[in-house]
Amino acid sequence: MITDMDERIFQKHAEEAMERLKRALYKVEEAAGFDVEERGGALHLAFEEPPGIFVISPNSAARQIWISALSTSFKMDWSDSYADFVHGQSGEPFLPLVARLITEQTGNAVTLS
């Protein structure tokens with residue numbers, strides 16, 4: 001994991017990752033039972049059943065992408081070997097982690113690509 005990444009490189013990686021996630025979420029949102037809204041650079045996922053909200057946003061100061069979901073905060077660091085943001089504790093790349101969290105929230109298997 002890279003912790004001393006400069007702001008410009010972090011912004012590039014974060015923007016690309018968030019755009020990739022947004023496109024993947026739009027493909028499945030209706031079938032999976034949630035709504036996606038972009039607000040101030042963050043993605044908000046609103047679930048009706050069971051009720052819940054996920055917030056996914058870049059944190060420039062920490063050079064991480066943060067996910068607030070299932071009453072937990074998940075912090076994603078950039079990994080050159082994955083060429084993606086990866087959750088340090090589970091080792092999951094960005095989209096697979098978000099897919100797992102949505103699956104846990106809704107009870108319906110979701111794949112993001």
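The figures that follow rest on heavy atoms only: side chains count, while hydrogens, waters and symmetry mates do not.
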Verdict with reasoning, V55 to L43, per side chain to side chain contact (heavy atoms under 4.5 Å, CB included): CA-CA 6 Å; V55 178; L43 294 176; over 6 Å; no
From CZ (R63) to CD (Q11), nearest 0.5 Å: 8.0 Å
Side chain to side chain contact (heavy atoms under 4.5 Å, CB included) assessment of T111 paired with L95: CA-CA 8 Å; T111 302; L95 266 56; over 6 Å; no
Atom of S113, atom of A24 and distance for their closest heavy-atom approach: O-CB, 3.4 Å
Contact summary for T106 and A32, nearest pair of heavy atoms: CG2-O, 3.6 Å
Nearest atoms (heavy-atom pairs only) where P58 meets G41: CD-O, 3.6 Å
Between CD on residue E16 and CG on residue D84, distance to nearest 0.5 Å: 10.5 Å
Listed partners of H44 passing ring pair (Phe, Tyr, Trp, His ring centres under 6.0 Å), at least two apart: none
Distance in Å, F74 CZ paired with W66 CH2, rounded so as to fall on 0.5 Å steps: 14.0 Å
Result of checking V86, L112, L21 against F94 for side chain to side chain contact (heavy atoms under 4.5 Å, CB included): L21
Closest non-hydrogen atom pair, Y82 against G91: OH-O, 3.9 Å
E104 vs R100 side-chain heavy atoms within contact, under 4.5 Å: yes
Heavy-atom closest contact (K22 atom, E38 atom, distance): NZ-OE1, 2.9 Å
Side-chain touch E19/R23, heavy atoms, less than 4.5 angstrom: yes
Pairwise side-chain contact, N108 with T103, heavy-atom cut-off 4.5 Å (strictly under): no
Results of ring pair (Phe, Tyr, Trp, His ring centres under 6.0 Å) for F47 - residues two or more places apart only: F34, F54
Where E7 and S60 come nearest, the two heavy atoms and their spacing: OE2-OG, 3.4 Å
Sidechain-backbone polar pair: S68 side chain, S73 backbone, donor-acceptor under 3.5 Å: no
Spacing of CG belonging to L25 relative to CZ belonging to R20, to within rounding of 0.5 Å: 11.5 Å
Worked check of side chain to side chain donor-acceptor pair (under 3.5 Å) between Q64 and N59: CA-CA 5 Å; Q64 296 175 319; N59 182 311; over 6 Å; no
Atom pair CD1 (I53) and CD (Q105), whose distance is rounded to the nearest 0.5 Å: 10.0 Å
T72 side chain vs L70 backbone, donor-acceptor pair below 3.5 Å: yes
Note, I67 side chain near L101 side chain (heavy atom, < 4.5 Å): yes
Distance, nearest 0.5 Å, that separates CE of M18 from CZ of F85: 10.0 Å
